[in-house]
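Notes to accompany the following structure.
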There are 2 protein chains.
Amino acid sequence: MAPDITIPVSDAGDEGQARPPLDERRARVLRAVVEEYVATAQPVGSQTIATSRELGVSSATVRNDMTVLEREGYLVQPHTSAGRIPTDRGYRFFVDHFERAPGLPPAQRRTVSDFFTSAHRALEDLLHETGQLLANLTQHASVVVGPASDAAVLRSVQIVSLQPGLALVVGVLSNGAVEKEVLHLEGEPSEGDLARAGTALNAQLHGSTLAGLPVSEPTGDLVVDRCVLVARDALAARVAGQLEPLYVSGVSRIAMEQGSYGTVDGAARLLELLEHQAVVVSLVRGLLDHGLIVRIGAENEREELRDCSLVLAPYVVEGEVVGSIGILGPTRMDYHRALAAVATVSQQLGRSLHT
Amino acid sequence: MAPDITIPVSDAGDEGQARPPLDERRARVLRAVVEEYVATAQPVGSQTIATSRELGVSSATVRNDMTVLEREGYLVQPHTSAGRIPTDRGYRFFVDHFERAPGLPPAQRRTVSDFFTSAHRALEDLLHETGQLLANLTQHASVVVGPASDAAVLRSVQIVSLQPGLALVVGVLSNGAVEKEVLHLEGEPSEGDLARAGTALNAQLHGSTLAGLPVSEPTGDLVVDRCVLVARDALAARVAGQLEPLYVSGVSRIAMEQGSYGTVDGAARLLELLEHQAVVVSLVRGLLDHGLIVRIGAENEREELRDCSLVLAPYVVEGEVVGSIGILGPTRMDYHRALAAVATVSQQLGRSLHT
DNA sequence: AGCTAGCAGTCGAGTCTACCGAGTGCCAGC
DNA sequence: GCTGGCACTCGGTAGACTCGACTGCTAGCT
């Protein structure tokens with residue numbers, strides 16, 4: 001259904017010194033090593049490549065090329081007399097130069113479009129399920145950062161009485177999100193007071209953003225004013241301390257891929273990182289403006305992400321970047337597939353939020 | 001602050017054949033084995049117990065007792081000539097018979113009461129943070145199941161227009177939860193129509209539970225009726241397919257305690273289980289009516305929980321059980337501490353929701 | 001100049017052995 | 001009924017050895 005995906009991967013590392021452009025065959029060797037290693041998780045030797053790939057050269061030649069690739073920093077040997085495995089730079093070259101999107105396999109493509117054409121849901125549910133979709137497609141953990149509600153406009157504000165002295169202020173935002181906060185009201189105002197306060201509050205705040213709430217104006221009724229004030233401040237306080245909503249899915253994948261992360265507890269530390277909403281959100285937001293992006297291993301500042309790669313894409317609604325989605329997996333991941341999945345899903349998500 | 005916790009642990013297993021009541025000293029030996037094993041994670045030998053615990057008997061005697069305890073099914077040896085480790089039955093005896101609540105250590109007790117006396121939050125946030133609190137206290141993964149919204153009463157229903165043809169129906173419930181659903185409206189009704197529909201809807205549904213929404217009555221205006229119908233059905237559909245809200249925290253702990261679970265991927269399977277909201281909710285709800293409860297290892301039907309223990313407690317608001325909280329850890333856990341933590345937190349949570 | 005074949009060297013992983021020590025079971029004696 | 005003592009078991013560790021998958025290098029070929 002969707003047209004072929006074009007994947008303008010932006011180069012994350014600023015790379016400093018220019019390397020000599022890789023000779024054609026060497027590049028093919030590098031590619032072969034990456035693909036083989038991703039497939040098998042074993043260091044790959046010269047012979048494997050010379051025979052299984054049609055390069056038309058002998059293993060000795062491949063060996064020579066590998067020596068060069070290692071000197072240039074694209075490959076390493078875990079130890080002498082083992083095969084080679086790609087370095088972060090090796091993966092980086094792979095992503096940057098062998099970008100020929102095979103697109104998503106048809107079955108997955110169907111899954112995605114089925115998902116988005118099926119019944120619409122409330123914003124939160126949609127984002128959450130999108131995360132699960134992505135995790136299933138890629139078999140990696142996924143993160144989805146939702147739109148910040150401080151940019152959206154209040155469509156409605158109301159005060160609902162729960163119990164005497166306890167009420168809820170509920171604000172409905174133009175993006176379909178709902179913000180609410182509990183109010184403890186002194187003096188137990190009557191239902192009538194609350195209703196008046198709700199009306200006044202709605203009149204005053206309607207149309208403004210959560211980040212820019214106007215100060216409340218007196219109505220003349222002291223009790224009502226008091227309620228309005230409390231409610232307004234509660235809303236303002238809420239948004240102040242608030243983060244973009246975050247949805248993390250597929251964390252069990254991290255435990256399964258354990259072997260691919262450094263030590264046993266490398267995975268545990270990753271899981272812990274993912275539990276810190278604030279950290280993850282700021283991490284993802286920091287990469288928001290770069291389009292479809294890949295962060296490989298040590299390109300991530302965070303120590304915990306040293307053995308991980310991040311594939312992220314923003315999603316765009318009405319021409320505005322409102323959030324981003326992505327996956328988190330071991331550096332040894334299938335980048336083509338991951339990029340295709342993240343790109344397609346982010347596009348479709350944006351489109352699906354459009355209407 | 002809180003009075004001493006009384007812990008009426010209900011026996012989960014129905015135990016079938018009565019065992020001969022354990023001789024006093026043997027019980028002490030069993031207890032020592034459990035405590036030692038929980039502390040060290042190593043099979044414990046007769047000598048360790050004979051010396052470090054003041055039982056006043058020699059290691060040979062302890063050995064004899066252990067043989068008996070093993071024959072009775074309270075202990076096992078991982079292999080000949082290793083120390084003993086408790087079986088599920090051993091833990092069960094431990095929990096049932098050595099119940100002397102040491103309460104929470106003072107520091108933790110303070111943490112808990114600070115938590116609950118600090119600023120009140122919206123229901124969802126409170127539950128989520130309570131889960132984190134519990135995870136921190138016990139160092140295990142925690143689950144919190146929130147109140148089902150189908151029992152709560154609608155305090156307010158409104159329809160908010162988002163874009164032409166798109167609106168949101170928002171229902172505020174007496175327990176402070178908010179349910180909402182997106183409406184796709186054909187024929188793009190005017191704002192006025194929507195407002196009228198909202199008023200009509202509120203009048204009709206106010207006071208009823210989500211599970212028992214009355215059928216909508218015609219108002220005479222076709223457009224308005226149509227909106228009311230769509231909105232009512234959306235709300236009804238939403239609650240139909242809906243589960244109690246679930247908050248899972250501290251999953252990284254599972255990865256850390258890995259060793260305590262069977263194989264490496266035992267932990268992975270646990271994590272996966274916890275991602276299936278429906279499964280976890282039904283699991284927890286199934287145990288809701290039993291008060292503070294401990295489920296040890298194979299007492300859990302679920303294969304994945306074979307090496308885990310579950311400590312659960314309902315929380316009570318206005319005399320009604322509305323949800324439950326608990327932790328999930330390896331069978332080798334500190335049950336006294338876990339029970340104390342879960343009991344205190346559940347009580348305080350209930351109390352905190354009361355007002 | 002570039003590729004290849006062949007060979008020597010390296011090192012991890014697996015296997016085998018021996019050994020140590022923690023812990024048991026059992027028995028005879030107090 | 002408890003204890004000391006003794007023989008026995010078996011997991012875990014360390015060392016030696018082999019195997020095999022690699023590499024690097026060099027000489028020779030195209």
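Keep in mind it's a predicted model, so treat the numbers as computed, not measured.
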Rounded to the nearest 0.5 Å, how far does CG of A:D65 lie from CG of A:D23?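 Reported value, rounded in 0.5 Å steps: 6.5 Å.
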
Should A:T80 be listed as having a side-chain N or O under 4.0 Å from OP1 or OP2 of C:dC11?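 Checking A:T80 against C:dC11: at least one side-chain N or O falls below 4.0 Å of OP1 or OP2.
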
OP1 or OP2 of C:dC3 sitting under 4.0 Å from any side-chain N/O of A:S58?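 Answer no for this pair, as no side-chain N or O of A:S58 is under 4.0 Å from OP1 or OP2.
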
Return the polar atom pairs (N/O with N/O) between nucleotides 16-20 of chain C and the protein under 3.5 Å, or none.
none

With [X] via ring-ring contact (aromatic ring centres under 6.0 Å, His included) - residues at least two apart:
X	answer
B:F94	B:F98, B:H336
A:H276	none
A:Y91	A:Y335

Starting at the 5' end of nucleotides 14-22 of chain D, put B wherever the base has a protein heavy atom under 4.0 Å, S where only the sugar-phosphate does, and a dash everywhere else. -------BB

Calculate the interatomic distance between [X] atom [atom1] and [N] atom [atom2]; express it in whole Å.
X	N	atom1	atom2	answer
A:R25	C:dG2	CZ	P	10 Å
B:D23	D:dC2	CG	C1'	13 Å
A:D65	D:dT23	CG	P	12 Å
A:N64	D:dA27	CG	C1'	14 Å

Partners passing side chain to side chain contact (heavy atoms under 4.5 Å, CB included) against [X] (at least two apart in sequence or in another chain):
X	result
A:D88	A:I296, A:A298, A:T331
A:Q139	A:R253
A:N300	A:R295, A:L305, A:L310
B:S81	B:H79

Where the side chain of B:A60 is defined as all heavy atoms beyond and including C-beta, which of D:dC2, D:dG5, D:dG24 is the nearest nucleotide?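 Looking only at heavy atoms from C-beta outward on B:A60, the closest nucleotide is D:dG5.
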
Hey, does A:T67 reach any base, or is it just sugar-phosphate, or nothing, if we go heavy atoms under 4.0 Å?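 Sugar-phosphate only.
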
Nearest-nucleotide wise, let me know which of B:H79 and B:V57 is further upstream toward the 5' end of DNA chain D.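 That would be B:V57.
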
NZ/NE/NH1/NH2 to OD/OE distance under 4.0 Å, B:E299 and B:R92: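 Yes, B:E299 and B:R92 are salt-bridged.
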
